[in-house]
Amino acid sequence: MTDQAGAVSERLAELASNLATVRARIAAACTAAGRNPADVTLIAVTKTFPVSDIVLLSRLGVTEIGENRDSEAGPKAAAAAAAGLALRWHFVGQLQVNKAGRVVGYADVVHSVDRIRLAEALGRRAGTAGRVISCLVQVSLDEPSLAAGRGGADPAEVPAVAAAIAAQPSLRLAGVMGIAPLGQPARPAYARLRQIAELVRTAHPGAQMLSAGMSADMGEAIAEGATHVRIGTALLGGRRPFVR
Ligand SMILES: *Cc1c(COP(=O)(O)O)cnc(C)c1O
């Protein structure tokens, strides 16, 4: 075996082992919550990792891929498509209105719609591209004073953002997303998110997704009804600190 082939099979084994551990954590959390593991979808958040890892994850049966920056996600989605991989792309990062046109080119789901203007821009651009994009309202779970820079609509604004998505013919309102607050217990924050998700579902019965839970807190999120967990570190390993 060449060194390169050896490195690939070593990485494949590492990803397979991490994937088994993550699936076991999801299954255990589902058992504890009396839920069916089939109702929790794993999204592999591959930011900072190369397309070669996405190829290996796909070989292991992972089809849902998350990315948080357009400048990185666009080229990776194009390379994966060129390699013939059938994947669903989830855009999970903060999104500027002027990037909406690019993101609708590859994203199947945008988790981070947190303002009306962004919903309108995504709807317009998806229409032009002839695509229908599923969108989640990102809800801020931070104290208002700490929320700056982390994205997310204030809970009071969520119904209006949800309605703005639902009003766009090229968008489908799919549910809500949240990120646990820094330095606070995740469970109560996810409990608040679940209540907001239920309110949104009452007005929009198709909005069934609840995107919550990362490597450190997937158990708490599943206990509070997460339908989609977004897992990076536990699957792929530690990310190098990113310096802008
Ligand atoms: C990076 C990221 C994740 C994954 O985080 P890990 O702690 O590495 O599992 C999930 N959601 C969002 C929005 C992210 O940016």
Side-chain angles (χ1 to χ4, degrees), residues 15-46 57-58 60-68 86-92 107-114 134-142 151-153 155 158-159 162 165-166 172-182 184-236:
L15 292 174
S17 160
N18 291 348
L19 180 61
T21 303
V22 167
R23 291 222 187 274
R25 283 177 65 188
I26 292 172
C30 285
T31 301
R35 299 185 57 198
N36 182 347
D39 295 336
V40 178
T41 300
L42 168 65
I43 300 171
V45 180
T46 52
L57 285 169
S58 159
L60 294 169
V62 174
T63 55
E64 312 285 322
I65 301 294
E67 287 280 340
N68 74 331
L87 301 170
R88 272 167 60 79
W89 291 84
H90 297 257
F91 191 86
V92 303
D108 298 290
V109 188
V110 177
H111 290 231
S112 46
V113 183
D114 58 3
S134 291
C135 289
L136 307 183
V137 181
Q138 184 182 344
V139 182
S140 173
L141 300 174
D142 291 298
V158 169
I165 294 169
R172 198 178 72 80
L173 176 65
V176 303
M177 179 273 236
I179 300 174
L182 288 172
Q184 285 173 49
R187 181 86 190 251
Y190 288 145
R192 281 185 278 131
L193 182 64
R194 173 188 229 162
Q195 288 188 332
I196 294 165
E198 277 162 16
L199 267 176
V200 171
R201 282 175 192 150
T202 304
H204 308 274
Q208 294 296 321
M209 278 179 73
L210 203 181
S211 167
M214 318 201 330
S215 293
D217 58 24
M218 63 182 106
E220 288 90 333
I222 288 169
E224 295 296 345
T227 64
H228 290 68
V229 292
R230 309 178 309 269
I231 308 299
T233 311
L235 260 186
L236 291 129

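These numbers come from a predicted model, not from an experiment.
The minimum heavy-atom distance between Gly66 and Ile43, with the atom names listed, is N-CG2, 3.6 Å. Of all heavy-atom pairs between Val62 and Leu87, the closest is O-CD2, 3.8 Å. Closest approach of Val176 and Ala197 over heavy atoms only: CG2-CB, 3.6 Å. Minimum heavy-atom separation, Ala226 to Val40: O-CG2, 3.7 Å. A pairwise comparison of heavy atoms in Ile26 and Val229 identifies CD1-CG2, 3.9 Å as the closest pair.
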**Request:** Determine, stepwise, if the pair Val200 / Val137 fulfils side chain to side chain contact (heavy atoms under 4.5 Å, CB included).
**Result:** CA-CA 9 Å; Val200 171; Val137 181; 5.8 Å; no
Check your understanding: Where do Asn18 and Leu236 land on the side chain to side chain contact (heavy atoms under 4.5 Å, CB included) test, with the steps shown first?
Key -> CA-CA 7 Å; Asn18 291 348; Leu236 291 129; over 6 Å; no
| task | Please lay out, stage by stage, how Leu235 and Leu19 fare under the test side chain to side chain contact (heavy atoms under 4.5 Å, CB included). | result | CA-CA 6 Å; Leu235 260 186; Leu19 180 61; 3.8 Å; yes
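Under the side chain to side chain contact (heavy atoms under 4.5 Å, CB included) criterion, Pro155 pairs with Val139, Ile196, not counting sequence neighbours. In this structure, Leu199 has no side chain to side chain contact (heavy atoms under 4.5 Å, CB included) partners at least two apart in sequence or on a different chain. Ser134 pairs by the side-chain hydrogen bond (donor to acceptor under 3.5 Å, both in side chains) definition with Arg172, not counting sequence neighbours. Residues meeting the side-chain hydrogen bond (donor to acceptor under 3.5 Å, both in side chains) test with Gln138, sequence neighbours left out: none. With sequence neighbours excluded, the residues that form a side chain to side chain contact (heavy atoms under 4.5 Å, CB included) with Thr233 are Ser215, Arg239. For the salt bridge (Lys or Arg N to Asp or Glu O under 4.0 Å) test, residues two or more places apart in sequence or in another chain that qualify with Glu64 are Arg88. Residues passing the side-chain hydrogen bond (donor to acceptor under 3.5 Å, both in side chains) test with Asn68: none are found, sequence neighbours excluded. Listed by chain and residue number, nothing satisfies the side chain to side chain contact (heavy atoms under 4.5 Å, CB included) test with Thr21 (two or more places apart in sequence, or in another chain).
Note that the OG1 atom of Thr63 and the CG atom of Leu57 stand 10.5 Å from one another [nearest 0.5 Å]. The line from CD1 of Ile222 to NE2 of His228 is 12.0 Å long, rounded to the nearest 0.5 Å. Between the CG atom in Leu141 and the CG atom in Leu182 there is a gap of 11.0 Å [rounded to 0.5 Å].
Residue pairs that meet the salt bridge (Lys or Arg N to Asp or Glu O under 4.0 Å) test with at least one member in residues 25-41, sequence neighbours left out, do not exist here. Sorted by first then second residue, the side chain to side chain donor-acceptor pair (under 3.5 Å) pairs that include residues 186-195, not counting sequence neighbours, are Arg187-Glu224, Tyr190-Asp217, Arg194-Glu224.
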Under 3.5 Å, sequence neighbours excluded: what are the donor-acceptor pairs made by side chains of residues 204-214?
residue : atom : partner : partner atom : Å
Gln208  : NE2  : Pro205  : O            : 2.8
Ser211  : OG   : His111  : ND1          : 2.9
Ser211  : OG   : Arg230  : NH1          : 2.9

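The main-chain N or O of Gly152 is found under 3.5 Å from a side-chain atom of Asp114 such that the two form a donor-acceptor pair.
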